[in-house]
Number of protein chains: 2
Amino acid sequence: MSGSSIDEAANFVVIGFKSGKYPETMIKRAKGVTISQVADAAGVARSSVSRAFTRPDMLSPETVDRIMKVAETLGYVPNHTARALSTGRHGNIGLIVPDIANPFFPPLIQAGQLEADRSDFCIFLGNTEENPKQEDKLVGRFAGQVEGIVLVSSRLSDERIRAHAAQLPLVLINRDVDGIPRVLIDSSSGVRQAVEHLAELGHRKIVYVSGPANSWSNKQRRTAIRSAASGLKVDIETVPAVLASYTSGRNAVSAILATGATAAVAFDDLTAQGVLAGLAEKKVSVPRDFSLIGCDDVLGAVTYPALTSVSNRSVEAGRVAVSLLIEMLQSNGIRDARYVLQTHLVMRETTMALGYRAP
Amino acid sequence: MSGSSIDEAANFVVIGFKSGKYPETMIKRAKGVTISQVADAAGVARSSVSRAFTRPDMLSPETVDRIMKVAETLGYVPNHTARALSTGRHGNIGLIVPDIANPFFPPLIQAGQLEADRSDFCIFLGNTEENPKQEDKLVGRFAGQVEGIVLVSSRLSDERIRAHAAQLPLVLINRDVDGIPRVLIDSSSGVRQAVEHLAELGHRKIVYVSGPANSWSNKQRRTAIRSAASGLKVDIETVPAVLASYTSGRNAVSAILATGATAAVAFDDLTAQGVLAGLAEKKVSVPRDFSLIGCDDVLGAVTYPALTSVSNRSVEAGRVAVSLLIEMLQSNGIRDARYVLQTHLVMRETTMALGYRAP
DNA sequence: CTGTTAGCGCATTCAC
DNA sequence: GTGAATGCGCTAACAG
């Protein structure tokens with residue numbers, strides 16, 4: 001293994017391992033049948049073979065048929081790379097996210113993938129680990145081989161984003177840069193509903209368990225909560241959770257209870273889940289003693305008690321962004337589009353009327 | 001919008017939308033600075049520019065320096081596609097998974113991505129939606145532009161897998177096809193520990209809430225549970241859950257309780273979470289009245305009560321598979337490797353000694 | 001309808 | 001150490 005990185009994979013067991021090559025039959029890879037070989041075998045010009053695959057309508061049906069048959073038997077498959085060099089179009093788009101492991105993104109990626117597939121585009125996936133430098137690097141690396149890029153929750157500065165947009169078609173998700181096509185998930189609408197819901201239930205003091213300070217969404221949510229509360233005779237207190245995570249939510253519980261609030265809205269579902277655990281530790285029952293609402297609805301339906309949360313629209317965001325990008329690519333036009341997806345409250349089992357509590 | 005798919009995105013609001021082109025400064029894309037332009041500007045031959053980027057050691061340091069400087073100011077960036085056509089290597093690998101939205105895969109993808117990045121490879125992501133035909137299609141589409149592919153939990157037949165492997169380097173995860181390099185996550189070791197753990201706690205009747213019938217992992221886990229139980233004086237009953245999901249777990253609860261068992265091991269964490277919810281509905285307290293163990297450890301740490309589960313090793317699997325593939329690519333050799341990653345029980349809060357229960 | 005001719009941008013022999 | 005030619009596999013005018 002010559003000190004390869006695989007060696008570092010501690011704790012594995014190699015059951016079978018044969019070094020050396022495969023038997024003759026397996027090592028032989030179809031080393032790329034070219035268009036010329038097909039042309040020769042079919043007795044036509046190379047361009048006809050090309051046409052048979054790209055514009056069959058330009059050829060007589062019989063010719064197409066014959067070429068296809070020969071291609072089939074020869075095992076010819078068009079070389080995507082060569083085609084791309086010639087046409088300048090490779091049918092690939094890039095999708096760059098900050099953190100695949102965050103449950104918010106996979107559905108978005110999936111939806112984007114599906115949409116790309118509908119137009120026969122392949123997806124390059126990039127994960128920036130929340131690192132702007134890595135993001136820059138990925139965009140550069142993708143640049144040569146994708147026709148456009150969807151940047152999700154970019155951590156780049158507006159300047160860098162503009163710079164990249166000057167190089168190739170770009171669509172943004174959850175980032176509002178003027179002049180660059182973007183789709184925004186407006187969680188404020190859902191957050192507002194959350195506050196109204198809690199107010200209706202009789203809660204008069206609500207705490208917002210905040211998320212990462214540099215997050216666009218966090219800012220948006222905090223603002224929305226404040227503005228919603230101001231018209232409703234309810235007090236808002238903010239408790240920071242440092243990171244958007246389970247543990248920080250759990251750690252925030254003491255501070256939350258200290259405020260005397262009877263309900264909380266958390267920056268996201270992970271944080272809410274942490275709060276839930278912390279509350280249980282302190283024998284505070286949800287929703288009987290305390291109401292809790294999450295955001296992004298990524299865990300709500302699969303945990304117990306089922307978490308009331310704000311919908312995320314990430315599926316639509318992924319779909320619309322990719323669709324928008326492909327449309328730009330195909331029409332070769334750029335449009336200053338700004339889609340805003342509204343969210344709403346998804347009611348489940350973690351909220352309850354205040355009156356229910358022993359007075 | 002001419003009836004584009006974006007129109008179908010119900011429930012969105014377009015706040016700003018200007019059709020037409022960008023102002024001059026924005027529509028002008030750097031239409032690809034070529035090696036020739038750099039050569040001219042630097043007063044050298046095209047080949048020298050090429051060398052400056054690929055084999056700087058073949059040029060005098062001053063020349064390299066001058067070329068690089070010119071390239072920089074011109075904004076030249078090597079065209080990946082053209083290079084690929086010329087060299088036959090494009091530095092891309094494909095990663096195909098059945099379902100990105102399943103929380104089991106994202107960490108695996110992330111790890112693979114990270115590993116690829118270390119060797120400057122880009123990743124094509126494919127999502128098959130659990131559909132073999134889609135998987136076949138993706139492999140074909142990728143074939144022209146990746147050097148190798150990692151197939152995760154492939155739903156393809158052994159024959160199809162072999163056929164693809166004859167076309168390009170392939171590495172399998174959780175699929176045991178002889179002759180194809182593969183990395184397997186052996187959940188049986190962890191499941192065995194789970195049974196032993198429950199036995200030590202005094203449980204004498206355990207039910208296995210099974211997963212999808214056609215799943216390699218499900219088969220493996222069920223077998224492991226049986227064999228572990230046989231040496232420990234504990235009874236195993238199997239309750240099917242049809243799908244590996246929250247709702248099917250929730251629906252299985254009646255059947256589970258009907259067996260008279262005092263503990264359960266679920267096919268995966270999602271199912272376990274469903275069981276947890278179903279149990280709570282029936283006022284059965286976990287872990288006081290009933291012990292529960294999940295599999296894959298994807299939710300355990302972020303839910304309440306924290307779920308005892310079997311580790312998944314998906315991160316290592318992704319890392320090792322990609323590393324293996326890249327090694328194959330670079331050494332141009334194929335090896336019949338078979339890595340088996342052992343799992344173990346991760347104890348949290350959903351199991352408890354039977355004796356604790358009121359007798 | 002189909003064949004001919006040029007490149008796409010780069011890496012890579014060869015010479016010098 | 002550097003320049004000049006050739007080709008990777010394919011598409012796209014341009015003729016016929």
Side-chain angles (χ1 to χ4, degrees), chain A residues 29-68 70-71 74-92 120 141 143-147 167-168 332, chain B residues 29-68 70-71 74-92 141 143-147 167-168:
Chain A
R29 265 193 232 299
K31 198 56 202 306
V33 180
T34 79
I35 210 172
S36 311
Q37 306 183 30
V38 178
D40 289 354
V44 296
R46 285 161 29 193
S47 47
S48 293
V49 179
S50 172
R51 286 176 186 127
F53 280 86
T54 54
R55 334 249 336 223
D57 49 297
M58 289 182 66
L59 263 41
S60 80
E62 305 86 55
T63 324
V64 173
D65 207 57
R66 184 155 43 98
I67 293 178
M68 286 316 229
V70 173
L74 253 52
Y76 167 76
V77 42
N79 182 319
H80 212 102
T81 307
R83 179 179 292 175
L85 183 58
S86 178
T87 60
R89 315 206 50 188
H90 17 44
N92 297 148
D120 248 38
R141 173 111 47 89
Q145 27 192 357
V146 300
E147 295 183 32
Q167 299 289 132
L168 86 174
N332 212 359
Chain B
R29 268 192 228 301
K31 196 60 203 304
V33 180
T34 79
I35 211 172
S36 309
Q37 307 183 31
V38 178
D40 288 355
V44 296
R46 285 160 27 195
S47 44
S48 293
V49 179
S50 172
R51 285 176 185 124
F53 280 86
T54 54
R55 333 246 339 221
D57 49 298
M58 290 182 66
L59 262 42
S60 79
E62 305 85 55
T63 323
V64 173
D65 207 55
R66 184 155 43 96
I67 293 178
M68 287 314 230
V70 174
L74 253 53
Y76 167 76
V77 42
N79 182 317
H80 212 102
T81 307
R83 178 179 292 177
L85 183 57
S86 180
T87 60
R89 315 206 53 187
H90 19 43
N92 297 146
R141 174 112 45 91
Q145 27 191 0
V146 301
E147 295 184 31
Q167 297 289 132
L168 83 174

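Letters go in sequence order (proteins before strands), and every chain restarts at 1.
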By nearest-heavy-atom nucleotide on DNA chain C, the more 5' of M58(B) and H80(B) is H80(B)

Nearest-neighbour nucleotide for the A82(B) side chain, dG9(C), dC10(D), dG3(D) considered: dG9(C)

S50(A) has its side chain closest, among dC8(D), dT12(C), dT11(D), to dT11(D)

Side-chain N or O of R83(B) closer than 4.0 Å to phosphate OP1/OP2 of dA11(C): yes

Nearest to the I35(B) side chain among dT2(C), dG1(D), dA11(C), which nucleotide is it? dA11(C)

From H90(A) atom NE2 to H90(B) atom NE2, the distance as rounded to the nearest 0.5 Å: 12.5 Å

Starting from C1' on dG9(C), measure out to CD on Q145(A) and report it in whole angstrom. 14 Å

Verdict with supporting geometry, T63(B) and R51(B), side-chain contact (heavy atoms from CB on, under 4.5 Å): CA-CA 10 Å; T63(B) 323; R51(B) 285 176 185 124; over 6 Å; no

Does any donor-acceptor pair link the side chain of R55(B) with the base of dG1(D) at a separation under 3.5 Å? no

Closest approach to the side chain of S60(A), judged atom by atom: which nucleotide of dT2(C), dC8(D), dG3(C) is it? dT2(C)

If each of L85(B) and D57(B) is mapped to the nucleotide of DNA chain D with the nearest heavy atom, which maps nearer the 5' terminus, i.e. the 5' end? D57(B)

Where the side chain of T54(A) is defined as all heavy atoms beyond and including C-beta, which of dG3(C), dT11(D), dG1(D) is the nearest nucleotide? dT11(D)

Carefully, step by step, assess T34(B) and R46(B) under the rule side-chain contact (heavy atoms from CB on, under 4.5 Å). CA-CA 9 Å; T34(B) 79; R46(B) 285 160 27 195; over 6 Å; no

I'd like to know if R89(B) reaches the base of dT12(C) with its side chain, counting only an N/O donor and acceptor under 3.5 Å. no

Go through dC10(C), dG3(C), dA4(D) for me and flag the one nearest to the A45(B) side chain. dA4(D)

Please work out if T81(B) contacts a base, only the sugar-phosphate, or nothing of the nucleic acid, heavy-atom cut-off 4.0 Å. nothing

Would you mind telling me which of dC10(D), dA11(C), dG3(C) lies closest to the side-chain atoms of R46(B)? dA11(C)

Interatomic distance, Q37(A) CD vs dG9(D) P [rounded to whole Å]: 8 Å

Whole-Å gap separating P (dC1(C)) and CD1 (I67(A)): 14 Å

Out of dT11(D), dT2(D), dT2(C), minimum distance to the side chain of S48(B) belongs to dT2(D)

For DNA chain C, whose closest nucleotide is more 5', that of V77(B) or that of R51(B)? V77(B)

